[in-house]
Amino acid sequence: MTAEPGQLATALERNPTLKLLGSYSRDWVLPLFAEHLEPAEAPVSAEWFHERVAEALEVATQWKSDRSPADHCRKWVDDRWLEAEYEGGRVHYRLSAYSLRAIQFVRELVDGESTVTGARLNNIASAVHSLATMTNPDREAQVERLDKQIRELEVRRENIRSGRQRLATVEEMRQQLNEVLGMTRSLPADFRQLRTLVEDRHQAVARRALTDGPTKAQLVDDYLHEHDLLSQTAEGRSYRGFSQALSQADAHTFREDVAMILDQDFAREHMSGAQREQLETLYSTLLNEQLAVQKSYVRWTGSLRRFLTRAASGRHRRLLALAEQALAAGAEWAVQVPGRRYLDDDVLRVGTASVVDASGLRLWAETRQQTMAVVSEQDQARLPVSDRAALRLAAGTSPRAVARTINLLLERSGVVTGAEAFESTPPEFQRLGALVTLLDLAISFGTVDTSSRDAVAFSVDPERALRVILPQLSFHEPIRLDSKESA
């Protein structure tokens, strides 16, 4: 509660979120934004949105105005309810962080969910516990707190195993789900506000450099180089901490937890389709929003630096222009009055100089026999790394390599399934090509049972595993391939 009462009154007049909630047109503007702009993953074209505004104006019969849809959008941009972007010479619109917060505020009022829940209390208690550990500089005390937490977890594990501790009820699961979704509900507006902050600060620096003139532009450029604008603000410091925590998070564990939640009966019976989709795409959404902020910063920093470089080189451009004019005048003078001349006046104010013909014209040159040699060179460069990796992958997933793996497994047991053969394949060769080869070998040398299913997982990126369902493949005898079949 750091805001003073006077600041609250000022916010009612100047804050775009509060101005939107208090405007006369909020009855049709807020639903318009929520329906057409809030779900959009990218800025929408101005022409398309103008049509949506015209449709909303026809429905809002109580709203009478002489403004056209384009005029309405320009006013909303001025009010900072919309943000305009120019791409390929065309205008695109997106919701501002202020409009997102207004929609979120109204939606929370409509939902009417109470924050006085056990899930909220558990999160508060966990945060307080972490803060108590962080603020204690005594390392031994921190170790003791961790030991205590380990003992409590061991007791809880035994209670769960023995059945003495009850399982969570459906209502408690719902509260925890709402708590998770509630904590992430404000993130789009926060990321959008951070992008807007980056753009506003870069524009302010550009205006300051333009006002101060080219003499100070280099100083501003040096400031940009030495001090990251994003890290000098409270929002920037929070964003940096969030990015570090996001990069350090165990993405594999996060995705496994989400998959476990969605596989339970609670997700199928008590979660809506929108909630399941939001939970499933939560981690990727956070990464995309972080990348959008970083792209915005890189784009605006590059644009601002180019502007400042052009401003800082203004004096150099003027000097080059004067030099070109002097050379052009001298060339015209030499054509009209050739010969040796002296400059009696100090035109450039660098001292008098003697003008001498320095054209370097060669009147005669001895002709010599020209020789030409043809040299043949062999390219000793090695095969590119990408090509070598492709060849290695093709060899590791070939029928001969996969058959060798199956034969080794058959020496230990009488039957080998396709899933077992795939799991025994070296991790670097656990790709789609190995699965296709397994299926081909099963058709020719084994059995394919379409009534049963096996599931395997593979991925080039360990953080994004791909789960593949295939018929149950079985091999009972060793596979012998000749050179033609293996090819």
Side-chain angles (χ1 to χ4, degrees), residues 150 153-154 157-158 160-163 248-265 267-268 280 283-284 380-487:
I150 292 173
L153 289 175
E154 290 176 346
R157 180 185 60 184
E158 294 301 325
I160 293 176
R161 179 179 297 172
S162 62
Q248 295 171 1
D250 191 342
H252 184 67
T253 303
F254 189 95
R255 294 178 184 276
E256 280 188 346
D257 291 340
V258 171
M260 183 182 297
I261 295 172
L262 297 178
D263 287 341
Q264 304 304 318
D265 295 337
R268 291 187 291 269
E280 187 175 11
Y283 192 82
S284 59
Q380 302 295 333
R382 300 177 60 189
L383 196 66
V385 177
S386 58
D387 292 345
R388 294 203 305 272
L391 289 175
R392 178 176 174 82
L393 181 61
T397 58
S398 64
R400 182 173 294 277
V402 176
R404 187 183 304 114
T405 302
I406 295 173
N407 293 340
L408 290 175
L409 292 176
L410 283 173
E411 293 177 358
R412 307 171 191 171
S413 61
V415 179
V416 176
T417 65
E420 292 174 347
F422 185 78
E423 292 176 357
S424 299
T425 302
E428 61 177 317
F429 301 132
Q430 291 182 355
R431 299 291 183 267
L432 186 60
L435 289 176
V436 175
T437 302
L438 274 171
L439 188 58
D440 290 340
L441 292 176
I443 294 173
S444 302
F445 302 97
T447 59
V448 179
D449 186 3
T450 57
S451 62
S452 301
R453 294 289 186 269
D454 278 337
V456 296
F458 71 93
S459 174
V460 178
D461 184 359
E463 297 183 356
R464 298 185 178 181
L466 179 62
R467 191 165 178 263
V468 178
I469 307 297
L470 68 159
Q472 189 176 55
L473 312 179
S474 301
F475 300 91
H476 302 271
E477 297 179 357
I479 300 174
R480 294 179 176 82
L481 300 176
D482 55 22
S483 60
K484 182 178 180 180
E485 289 175 330
S486 62

Show the numbers, then the answer: is there a side chain to side chain contact (heavy atoms under 4.5 Å, CB included) between Leu435 and Val468? CA-CA 9 Å; Leu435 289 176; Val468 178; 4.0 Å; yes
Which pair of non-hydrogen atoms, one from [X] and one from [Y], has the smallest distance, and what is that distance?
X      : Y      : value
Pro471 : Val448 : CB-CG1, 3.9 Å
Arg453 : Ile469 : CD-CG2, 3.7 Å
Ala401 : Ala395 : CB-O, 3.4 Å
Arg431 : Pro427 : NH1-O, 3.5 Å
Leu438 : Ala421 : CD2-CB, 3.8 Å
Pro399 : Leu441 : O-CD1, 4.0 Å

Can you tell me how far apart [atom1] ([X]) and [atom2] ([Y]) are? Round to the nearest 0.5 Å.
X      : Y      : atom1 : atom2 : answer
Leu470 : Thr450 : CG    : OG1   : 12.0 Å
Gln430 : Thr425 : CD    : OG1   : 6.0 Å
Arg268 : Leu262 : CZ    : CG    : 10.0 Å

Donor-acceptor list for residues 406-419 side chains, cut-off 3.5 Å, not counting sequence neighbours:
unit_1, atom_1, unit_2, atom_2, d
Asn407, OD1, Ile479, N, 2.8
Asn407, ND2, Ala403, O, 3.3
Asn407, ND2, Ile479, O, 3.0
Ser413, OG, Val415, O, 3.2
Thr417, OG1, Glu420, N, 3.2

Compare all side-chain heavy atoms of Glu477 with those of Phe445 and state whether any distance is below 4.5 angstrom.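 No, their side chains stay 4.5 Å or more apart.
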Are Arg392 and Phe429 side-chain neighbours, meaning at least one heavy-atom pair lies under 4.5 Å?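 Contact flag for Arg392/Phe429 side chains = yes.
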Check whether Gln264 reaches the backbone of Met260 with its side chain - one donor and one acceptor, N or O, closer than 3.5 Å.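 Side chain of Gln264 to backbone of Met260, a donor-acceptor pair under 3.5 Å: yes, one is there.
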Other residues, nucleotides and ligands only: do more than 12 of their heavy atoms fall within 6.0 Å of CD on Glu280?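 No, not enclosed.
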